[in-house]
Amino acid sequence: MSDIKIKSKNLNVYYGDKQALFDVNLDLNEKEVTALIGPSGCGKSTFIRCINRMNDVIDICKVTGNIEIDGIEINDSNLDVVSLRERVGMVFQKPNPFPKSIYDNISYGPKIHGKGETKNELDEIVEKSLKKAALWEEVKDRLNEPGTGLSGGQQQRLCIARAISVNPEVILMDEPCSALDPIATAKIEELIDELKKTYTIVIVTHSMAQAVRVSQKTGFFHLGKIIEVGKTEKIFKNPDNKMTQDYITGRFG
Amino acid sequence: MNFVLIFLITIFSLSLFFYGRSKTKSISVENNIKLNALPKFYGYYLVLWCSIPALVFLLVWSLFEPVIIKTIIIETAANQGAIFNDTNEANLIYEKIKAIHLGTYFGDIDSILKESAISYAKFINLFTNSKIVLIFGIIIASVIYSLKKIKNNNKAREDVETILKGLLFVSSLIAILTTLGIIFSLLFESIKFFSVINIFDYLFGTSWSPQKAFVRDASAITADEYEELKDAFGFIPLIAGTSFIAFIAMLVAVPIGLFSGIYMAEYASMKVRRVSKPIIEILAGIPTVVYGFFAALTVGPFFRQLGESFGLTVSSESALAAGLIMGIMIIPYVSSLSDDVINSVPQSLRDGSYAVGATKSETIKQVVIPAALPGIIGSVLLAVSRAIGETMIVVMAAGLAANLTINPLDSTTTITTQIVMILVGDQEFDSPKTQSAFALGLTLFIATLILNFIAQRAVKKYREKYD
Amino acid sequence: MTKEERLKKRHRAEKRFRFYGLSSIVVALLFVIILVNNIFSKGSSAFMKTVINVEVFFDPELIEIKNGATEDEILSADFFDITIETLLKSYPTKNIDEEDGLIDLFTTDAEIEIKKAFLDNNNLIGKKINLEITASDDIDQLHKGNYPRDLPEDRRRISNFQLEIYDNFVESNKIDKNFNNYFFNNGDSRDPELAGIGGALVGSFYSILICLLLAFPVAVLASIYLEEFAPKNKITDFIEININNLAAVPSIVYGLLALQILLATIQLPRSTPLVAGITLALMTLPRIIIPCRASLKAVPPSIREGALAVGASKFQSVFHHVVPLALPGTLSGTIIGLAQALGETAPLILIGMVAFVVDIPSTPVDPSSSLPVQVYLWSESAERGFVEKTSATIMMLLSFLIVMNILAVYLRQKFEKRWN
């Protein structure tokens, strides 16, 4: 059993008058892939956006309760979200490369955080990040071309490279393969398997097959509540809860 | 007279409507046929036929009548021995004849004028009578034709709709006619101007002083005279002054407008936005003559006094005052457009930047603005085109003399100021001075057209990218 | 640089950036306030005029008519002697210079004002009445506190003797402020105390009315054609590009167009609201077509399909269903276009509306001025009294614009349906 990296306690999220999460208690382990599954609108994306405080961007969103990373409370108005997000990276549903060159897409993060003072250091970071994201071989000759010119799967790996360029501890992935074809999806899944050696990964997915393939631990969300958490094998083979059983066998969702 | 005619045409048309409607109703009842269109469409059909030809004729007639009468009268006056050397004098004599006819002329009346006034009255009478006769002829002809058509017509509605559709199409053509009118009126005088002044001497001349340009006979200009004329119509100081004032205006409008737009789009809460956006847009709704008044009477003297207290000589018509006020007028054009443009940058790009730990301003500076750049450039270009075409502020607050200067405390002049100065008050027709105003207008028209074209392309391209 | 220092620096940059944004908005708002405040503080005094109370004695020896004279007789009678007599009696003078100084305190129209008083009560021969006569511009400005009296005498338009009379009038309560009826009823004048915006108001009204009558129907019909009937082809594209470009053509170019086509070619009368209205209509047309098309476009296709499905023709579906729904947006766009036209100055200057027109125009083909052109004309005048008049004219102009804009916003919010 590995160490607990992220711990949420009685987490509630409101969008205006509407409550989106109800008392979520969930522990995520270090250097492991945790998959979050559940029907659309169940709150799984809302949950991971709490971990790097992306919900701050939405005016009407209010978060109460606790989230700790390495035992330090992060849902605290005094906390600097900029340095939190440096530690907790994120990959989005739709690939969103900046309308800049491939090189600038990767070097953007290190530059703003003051990592890589010289051109050489930056070159090194870019190369390392692209290699880790298994994109280096495909783009090494066209680093100055715009990132938006890549294929969908390549764009998403570019976004993953962008996330690891600032050397985070946690990577959040919000349905990273939903906009991709099966071959690109397979590549990303392979990559996740590789990345978990270095990073703690939380992935939200619609595909139960994907959860089984990539994760060690799975949490099932329904209507803003966490219904069941456990080892992935157990959740999919022998769930405790009737609702989990119904969901994974495709009776609803 | 025309109003009476229009009134009569309306009355005829209305009565025909009721006639046509009841007639078709009774026919359909008597003969027990089912018509394809409702009876009222037969009424409309008659109305359109009765009114449109007559009204179009009346319009065309009214447009050409004065010109034709004038030509005839001037011709007859000339035949009777009236002497005039150019069109200006001819116009003057024509005005006199008209005034005598109306009984508002109090000068001496010689026999030629008297004769002409009598023939003027004769022609006016003849034209009015023939107008009335022709209009009634047209109405009768078109009504007979349409009544005949209606008897064995089963699709009055389609016919009415076809005519109306034609009317709609003609309305939309007015835009093209306006453009043609602009091009024609600018080109017509400009060509005359450029037949006297070489276009390259105009475009690259460095001295502008049209008040010095006296031409006795435009058809025979000696080489010496041309050298002087050339110096009166050099475009360079005007484009320099115009660009200089526009540049000062952009120095004010771009930073303030852009930062306001950014703040509205990225930072302001809905409440702040709802209040401040319309207030800033008030600046765009204030008539420019008000800005001109403010610049000339408050800002200009204020700058001069301020300069004096620092020991500087500031012209009370300084480029700085005009440019500053123009810049303030333009702020809302930059701010609203860049606000719109920034709002249409997809949120996912911002999310991507936040997710690697960028602050809001880093995100705006390095992701949002580069993404929105074509749109922002487009909005700035539109603002530039407003600035160079703006007239009242510079007429009231900028200078009249064409100085080639880059000192913002000096006075300088602009294209639009010169157009107004040349054309205000009495104009001599057919003098290069008057024509030069049209050449300036043509230059201005082409410049703004190019700027707008590029700007609209940039904004459109940008919209397509993120739609 | 340590990590903490770097973070601090970045947050400072963030605050700074935010501050720039906020201060830009504040600067823009501040300017609106300064401008409006400047105009209002200068202009509000123009709505009042200074009057001097004098005693008029209708001396039978100085006047050539009798009690009960007809109106025509009174109007053609000479009241000059009575006027001079009246004015001179208002303060003791020693020599002819002082007499001139005293008479100059009153408006040049004093004779007309006395005649009017006589007209109102045609039974005054041999009687004395108290009458309030409009003061001259200099006294008016002095009384309103706009004229510096501490300048040396040779740099003042008001002599020391005149100041003495003025102080005496103030002490004996002979000076008062009344509502300035001249400002609204009179046409232009060389004397600031008599100058009014009556002519400009009527001129602007006719111009805008003609602009509305011409531009609104054509704009609506053109928008309907382009939005509902036009086939997608080169001609339609060309018309569209044309309209967009026309909307951005500098207004002065429309002045050149009017000069060449309307005045030189068709020979319409110069300086008239008719020409102004046509010019403004051409200029406003594209600016109305653009919002008209937007509001037609906002009507969802389901409305059109619904009408077509019950057997209406394309025309009926458009004119019975789409156009009424788009009307509020169309009207509000038109009003905003007209508001812009109302403030437009440059093209009107070119068509000769800068002429000095004293009479109030009775028809659209009489020479006339317009509100913004009046602002331009007066702002060029040297007299102090015109600064106040100009500002007051701007106040009137701005109030019309505000009313029109509020009306436009109201129409849009009240009647426009929201489509989801």
Side-chain angles (χ1 to χ4, degrees), chain B residues 63 66-67 70 157 161 164-165 167-169 171-172 174-176 178-179 181-182 185-186 188-189 255-256 259-260 262-263 267 276 279-280 282-283 285 287-290 293-294 296-298 328 331 359-361 382 385 389 391-392 396 416 419-420 423-424 438 441 444-445 448-449 452 456, chain C residues 10-11 13-14 17-18 20-22 24-25 27-29 31-32 35 38-39 218 221-222 224-226 229 239 242-246 248-253 256-257 259-261 265-267 282 285-286 313 315 339 343-346 349-350 354 372 375-376 379 387 390 394 397-398 401 405:
Chain B
L63 286 183
V67 188
K70 184 176 165 183
R157 203 197 65 226
E161 291 185 352
L164 284 179
K165 204 167 149 183
L167 203 66
L168 294 183
F169 178 64
S171 304
S172 70
I174 301 232
I176 290 187
T178 312
T179 310
I182 290 176
S185 51
L186 294 179
F188 190 70
E189 295 289 318
I256 296 185
F259 268 114
S260 309
I262 290 171
Y263 191 86
Y267 288 102
S276 55
I279 297 187
I280 291 183
I282 288 180
L283 286 173
T288 54
V289 69
V290 177
F293 174 69
F294 186 66
L297 265 86
T298 308
I328 284 163
I331 290 174
T359 64
K360 204 157 183 166
S361 62
L382 280 180
S385 118
T391 309
M392 290 320 293
M396 294 165 84
T416 49
I419 296 178
V420 170
L423 291 180
V424 113
F438 287 87
L444 182 67
F445 180 69
T448 50
L449 206 65
N452 289 327
Q456 275 165 11
Chain C
R10 288 172 61 198
H11 283 299
E14 166 74 26
F17 190 77
R18 204 187 156 117
Y20 293 152
L22 192 60
S24 295
I25 291 193
V27 166
L29 296 186
F31 189 81
V32 177
L35 182 71
N38 186 288
I39 300 286
V218 175
L221 294 182
I224 292 174
Y225 178 75
L226 290 173
F229 295 100
I239 296 177
N242 235 296
I243 289 173
N244 286 335
N245 278 327
L246 276 182
V249 168
S251 62
I252 192 164
V253 172
L256 293 170
L257 166 77
L259 197 57
Q260 187 66 23
I261 306 270
T265 309
I266 312 184
Q267 304 263 323
L282 290 177
L285 196 63
S313 71
F315 242 86
E344 199 52 67
T345 325
I349 291 182
L350 293 199
V354 279
V375 170
Y376 168 66
S379 70
V387 173
T390 316
I394 293 176
L397 185 57
L398 289 184
L401 295 184
N405 276 290

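A note on names: the letters A, B, ... follow the listed sequences, proteins ahead of strands, and every chain is numbered from 1.
If you take CG on B:Leu382 and CD on B:Gln456, they are separated by 6.5 Å, rounding to the nearest 0.5 Å. Distance check: B:Ile182 CD1 to C:Leu246 CG gives 5.5 Å after rounding to the nearest 0.5 Å. From C:Ser379, atom OG reaches atom CZ of B:Phe294 across 14.0 Å, with rounding to the nearest 0.5 Å. If you take CG on C:Leu350 and CD1 on B:Ile419, they are separated by 7.5 Å, rounding to the nearest 0.5 Å. Summarising the geometry, atom OG1 belonging to C:Thr390 is positioned 7.5 Å from atom CG belonging to B:Leu297; distances are rounded to the nearest 0.5 Å. The structure places CG of C:Asn38 at 9.0 Å from CZ of C:Phe31, a figure rounded to the nearest 0.5 Å.
Most heavy-atom pairs under 4.5 Å with chain C, from the set B:Ile331, B:Ile262, B:Leu283: that is B:Leu283. Of all the listed residues (C:Ala13, C:Ser313, C:Ala339), the one sharing the greatest number of non-hydrogen pairs under 4.5 Å with chain B is C:Ser313. Contact tally against chain B (heavy-atom pairs below 4.5 Å) for C:Val27, C:Leu257, C:Val253: the top residue is C:Leu257. Contact count versus chain B (heavy atoms, under 4.5 Å) is highest, among C:Ser251, C:Ser24, C:Ala222, for C:Ser24. Interface remark: of the candidates B:Lys70, B:Met392, B:Met396, B:Glu161, B:Glu161 forms the most heavy-atom pairs closer than 4.5 Å to chain C. Interface check for chain C: of the options B:Ser276, B:Gly389, B:Gly181, B:Ser171, the most heavy-atom pairs under 4.5 Å are formed by B:Ser171. Residue with the most contacts toward chain C among B:Phe293, B:Phe259, B:Phe438, B:Phe445: B:Phe259 (heavy-atom pairs, distance under 4.5 Å). When each of C:Ile39, C:Val32, C:Asn405, C:Ile243 is checked for heavy-atom pairs under 4.5 Å with chain B, C:Val32 comes out on top.
Contact of the C:Leu398 side chain with the B:Pro287 side chain is registered, since non-hydrogen atoms from C-beta on lie closer than 4.5 Å. B:Thr448 is not listed as a side-chain neighbour of C:Val249, based on a closest heavy-atom distance of 4.5 Å or more. Taking 4.5 Å as the limit, some side-chain heavy atom of C:Pro250 sits within range of a side-chain heavy atom of B:Leu444.
Proximity to chain B (any heavy atom under 4.5 Å) is shown, for C:Pro372, by both the backbone and the side chain. Only the side chain of C:Leu401 comes within contact range of chain B, judged by heavy atoms closer than 4.5 Å. Looking at C:Leu22, the atoms closer than 4.5 Å to chain B (heavy atoms on both sides) sit in the backbone and in the side chain alike. If you measure heavy-atom distances from B:Leu164 to chain C, the contacts under 4.5 Å come from both the backbone and the side chain. Using a 4.5 Å cut-off between heavy atoms, B:Ile256 touches chain C through backbone and side chain atoms alike. For C:Leu285, the part sitting under 4.5 Å from any heavy atom of chain B is the side chain, from C-beta outward, and nothing else. Both the backbone and the side chain of C:Ile266 come within less than 4.5 Å of a heavy atom of chain B. Both the backbone and the side chain of C:Ala28 come within contact range of chain B, each with at least one heavy atom under 4.5 Å from a heavy atom of that chain. Heavy atoms closer than 4.5 Å to chain C are found in both the backbone and the side chain of B:Ile176.
Figure legend: B:Lys360 and B:Tyr267 shown as a cation-pi pair, the cationic atom lying under 6.0 angstrom from the six-membered ring centre and within 45 degrees of its axis.
Remark: aromatic rings of C:Phe229 and C:Phe315 are close, center separation under 6.0 Å.
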